[in-house]
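Ligands are counted one by one from 1 in listed order, and the atoms in each one are counted from 1 as well.
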Amino acid sequence: MDLTAQNISKTAPAAPMIDPFGRAITYLRVSVTDRCDFRCTYCMAEHMTFLPKKDLLSLEELDRLCSTFIDKGVRKIRLTGGEPLVRKNIMHLIGSLSRHIEADRLDELTLTTNGSQLSRYAEELAACGIKRINVSLDTLDAEKFKTITRWGDLAQVLRGIDAAQKAGLHIKLNAVALKGFNDHEIPDMLRWAHGRGMDMTLIETMPMGEIDLDRTDQYLPLSMLRATLSRQFTMTDIPYQTGGPARYVQIAETGGRLGFITPMTHNFCESCNRVRITCTGTLYMCLGQEDAADLREPLRASTDNALLSDAIDDAILRKPKGHDFIIDRRNNRPAVSRHMSVTGG
Ligand code: SAM
């Protein structure tokens, strides 16, 4: 397999795609696999049925898809999953996509990972021009970590974080805020993260896919958590942006940044610059809506990218205004049937 042989388009970067609400689409999230080596309770059921491997796009096809989006003005790509680092030969894809950073056609190539494979891949990721990664970590308590991830090993993730920092990667820690599970631990996690030079972001749990638990038991509005944190920390809103949905504060006591991703209490759809593709080539224009476009067929229909490009244009014209997630006792159903592991975080 030689992904590096794929051509870089020599044309100047395109003007970004614009959706019907005037939003420029410059950020693509790519789920490279629906499989994961963890089974986080809020994300997946314990016994998941995964896609047959034959339905997955090949690494070459994923590369072509990403490169076409770059041709159409995308400047940031995040690889996610499932767990992106468990996809076989994933470093081939990352190495290949890094040519777009070198060519100044992409501002950032990054990934969201559970950290389990970082000890193995940190050096290679840094060598591919990856500067920052997000590591999902909901607790620093080994027992609780086992409970929430079902299959994960905290020590392995911490070794991965060490390896990534040693390789020079900047890490942002992502924690899903879960009522009665990690809310009391967040101040300590924050001090730990900031003490190691890592930013941290808190995420509200979203009603995506059937899980084995009741989401109303887990859901914690970040407005409440923020109010609790403000008793211990001096928080100042700052305009810091990473191109994603988090809104940041600076914490005076630690000198670090804390982000809030609040899809439930305050949706951020008016500034949405993102679309997502799954590992089978389905394009979702909104994380919280069912409408999607199949890109695999136009991708496979010809070696020329014209059909694919037209299919992307059509889909962007259908990007909805936003999502309408609700979690309460009366609406105790997933807002969308697919799990987060399908479209990625
Ligand atoms: N395996 C990788 C990881 O753990 O980061 C990438 C995929 S994972 C689906 C991406 C992020 O989505 C993780 O931070 C995870 O905690 C978060 N997530 C999963 N299900 C969620 C849900 N229902 N609501 C909010 N966040 C969720």
Below 4.0 angstrom from a heavy atom of M206, which ligand 1 atoms are there? Numbered from 1 as shown, please. 22 (C), 23 (N), 24 (N), 25 (C)
State the atoms of ligand 1, each with its element, that fall below the 4.0 Å cut-off from a heavy-atom position in G82. 1 (N), 2 (C), 6 (C), 7 (C)
State plainly whether the residues K319 and D291 are in salt-bridge range, i.e. N to O under 4.0 Å. no
Please examine the side chains of I148 and L178, heavy atoms only from C-beta on, and report whether any two atoms are closer than 4.5 Å. yes
Would you check the N or O atoms of Y42, main chain and side chain alike, for any that come under 3.5 Å of an N or O of ligand 1? yes
Between R215 and ligand 1, find which residue part has any heavy-atom pair under 4.0 Å and reply side chain, backbone, both or neither. side chain
If you measure from each non-hydrogen atom of T113 to ligand 1, which part falls under 4.0 Å: side chain, backbone, both or neither? backbone
Cation-pi, F181 ring and K144 (6.0 angstrom, 45 degrees): yes
Going by the atom numbers of ligand 1, which of them fall below 4.0 Å from some non-hydrogen atom of S136? 3 (C), 4 (O), 5 (O), 13 (C), 14 (O)
D294 and T282: side chain donor to acceptor below 3.5 Å: no
Quiz question: by atom type and distance under 3.5 Å, do the side chains of D63 and S67 form a donor-acceptor pair? yes
For atom 25 (C) of ligand 1, state which one of M264, H339, E204 supplies the nearest heavy atom. E204
Option whose closest heavy atom lies nearest to atom 17 (C) of ligand 1, chosen from V176, D37, I261: V176
Under a plain distance cut-off of 3.5 Å, with no hydrogens placed, do D141 and T139 share a side-chain donor-acceptor pair? no
Any chance the side chains of N114 and S136 put a donor and an acceptor closer than 3.5 Å? no
Using a strict cut-off of 4.0 Å, indicate which atoms of ligand 1 neighbour a heavy atom of T80. 6 (C), 7 (C)
Heavy atom of C40 under 4.0 Å from ligand 1? no
